[in-house]
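Each residue takes its place number in the sequence, starting with 1.
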Amino acid sequence: LGLPGAPEVVLGGEGGHSNEVVSLDFTLQGHRLLTCGVDKIIKIWDMAAHNDILTESQQYSGPPSAFRTRRVQVPLLSSSALHPNYVDCIRCYGDLAFSKSLDNKVTLWKPEFSPYYQTDTVSALREFELRDCNLWFIKFCLDPEFRYLALGNAKGSIFVFDVKTPGLKKALVNRGVHGPVRQTSFNASSTVLVGCCEDGSIITARPVVSANRNPSARAEPDPSMKATMLSTTTIGNQTSMTADCRPSLFIMRCLSKRS
C-alpha cells in the first residue's frame, strides 16, 4: 500500500508553484487537485492521468529508491487573475471552487478549460465579503453538505455564509477573543462550528437547525440558519499551529509496513 520514503508523483518544476504551497484540495471524484500559495497563483492538476503509476506502486516490490517517480511540470490550469496577493486557502465546490487572499472576501469561481490549448482563464461568480480579514493565513471551511461557508477574522469574529443564498450571512462575535480566528471547521452533521484562535483558545458555536433535518442529505439551505448563533465556549490554551510547506507537491499513498 505505497512506498515508504518514495513519492509516486511530484507536481512541480517549470509550470509548478514558485514559492510555498499553503493550501490544496481534491475534487470529490479525486480526478483533479487544486493548489495555491505564496506565489499568488491558483493551479489545477490532472490526477486521473496518474492512476497507472499509483496502481504500479501497489505491485512494486523493489527498493523504494529505484521506483520510477513521475514528475509533472505542467498543470491543467494556472492563474494569477483572481487574487493580487498570497492565496492562503482553496476548496473545491463541485466543478467550481472557493479561494481567499488578503482582501476581506472569499471568491467563488469557475475554471475555463479549453480542449485545444492550456488556458489560465477563470471566471469569478460571487464574492463573500466580510470585515477585518485582510490578514495572512486565515482559513475558511465548508460544511460537509456544502451549504455553509465559515471564516474567522482578525478580531475574534466568525462569519457564516449561506453559499446558495446571495447576501445571507451571520456574524458570530466572541467577546472573549480579540485576536485572529485562524481556522474554522464544522462537525459531520453541520451542527457544531469550531474555530481555533491565535491566543491558543478554541471557540465553539452551535447553529440553530431544524429538528427534522436529515444530516446525510444535501438539501436546500435551511432557513433556520438565519437565526442567531448560540453563545460561544472557550476551551483553554491547548492549541498551536505550524506550517512547513515547499513549492513542490509530493503525492504518496498512506504508508504501511510490508510483511
Determine the interplanar angle of the Trp45 and His17 rings, folded into 0 to 90°, and report it as parallel if under 30°, tilted if 30 to 60°, perpendicular if over 60°.
tilted
In the structure I gave you, are the side-chain heavy atoms of Gln183 and Phe140 within less than 4.5 Å of one another anywhere?
no
Min side-chain heavy-atom separation Trp136-Val22 under 4.5 Å
yes
What's the separation between atom NZ in Lys100 and atom NZ in Lys105, rounded to the nearest 0.5 Å?
12.0 Å
In Å and rounded to the nearest 0.5 Å, what is the CD1 to OG distance from Ile41 to Ser80?
5.5 Å
Taken to the nearest 0.5 Å, the spacing of Arg68 CZ from Tyr60 OH works out to 11.0 Å
Pairs touching residues 87-106 that satisfy ring-ring contact (aromatic ring centres under 6.0 Å, His included), sequence neighbours left out
Tyr93-Phe98, Phe98-Phe128
Decide side chain to side chain contact (heavy atoms under 4.5 Å, CB included) for Asp103 and Asn134; before the verdict, give the C-alpha distance in whole Å, the side-chain angles of both, and the deciding distance to 0.1 Å.
CA-CA 5 Å; Asp103 45 9; Asn134 55 346; over 6 Å; no
Checking Gln73 side chain against Gly13 main chain: does a donor-acceptor pair fall under 3.5 Å?
no
Do Leu96 and Leu149 belong to the same hydrophobic cluster, where Ile, Leu, Val, Met, Phe, Trp and Tyr are linked whenever their side-chain heavy atoms lie under 4.5 Å apart, directly or via other members?
yes
Looking only at heavy atoms, what is the nearest atom pair of Cys197 and Val181, with distance?
SG-CG2, 4.1 Å
Is it true that Glu112 and Ser123 share a donor-acceptor pair across their side chains at a distance under 3.5 Å?
yes
Let me see the working for Val72 and Val9 under side chain to side chain contact (heavy atoms under 4.5 Å, CB included), right down to the final yes or no.
CA-CA 7 Å; Val72 182; Val9 183; 3.9 Å; yes
Closest non-hydrogen atom pair between Asn153 and Ile138, with its separation
C-CD1, 3.9 Å
Roughly how far, to the nearest 0.5 Å, is the CG atom of Leu11 from the NE2 atom of His50?
6.0 Å
Nearest heavy atoms of Lys139 and Asp88, plus distance in Å
NZ-O, 2.5 Å
So, for Pro144 and Ser190, which heavy atoms are closest and what is the spacing to 0.1 Å?
CD-OG, 3.4 Å
Would you give the length of the straight line joining atom CZ of Phe67 to atom OG of Ser61, rounded to the nearest 0.5 angstrom?
11.5 Å
Is there side-chain contact between Leu135 and Leu102, with heavy atoms separated by less than 4.5 Å?
no
Not counting sequence neighbours, list each pair that qualifies as a salt bridge (Lys or Arg N to Asp or Glu O under 4.0 Å) and has a residue in residues 23-52.
Asp52-Arg70
Are Ile158 and Thr184 packed together at the side-chain level, in the sense that at least one heavy-atom pair is separated by less than 4.5 angstrom?
yes
Can you find a pair of side-chain heavy atoms, one from Thr35 and one from Ile42, that are under 4.5 Å apart?
no
Would you say Thr165's side chain and Asp162's backbone share a donor-acceptor pair under 3.5 angstrom?
no
Measure the spacing between SG of Cys36 and CD1 of Ile90 and express it to the nearest 0.5 Å.
5.0 Å
How close do Arg91 and Leu142 get, heavy atom to heavy atom, and via which atoms?
CB-CD1, 4.1 Å
Given Leu151 and Leu130, is the side chain to side chain contact (heavy atoms under 4.5 Å, CB included) satisfied, shown in steps?
CA-CA 9 Å; Leu151 175 65; Leu130 67 162; 3.5 Å; yes
4.5 Å side-chain heavy-atom contact, Met47 and His31
no
Tell me yes or no: between the side chains of Thr55 and Asn51, is some donor less than 3.5 Å from an acceptor?
no
With side chains defined as the heavy atoms from C-beta onward, is the minimum distance between Ser99 and Trp109 less than 4.5 Å?
yes
I need the minimum non-hydrogen distance between Ala81 and Val122, along with the two atoms involved.
CB-CG2, 4.5 Å
How far apart are the C-alpha atoms of Phe186 and Val194, what are their side-chain angles, what is the distance that settles it, and do they pass the side chain to side chain contact (heavy atoms under 4.5 Å, CB included) test?
CA-CA 6 Å; Phe186 285 94; Val194 297; over 6 Å; no
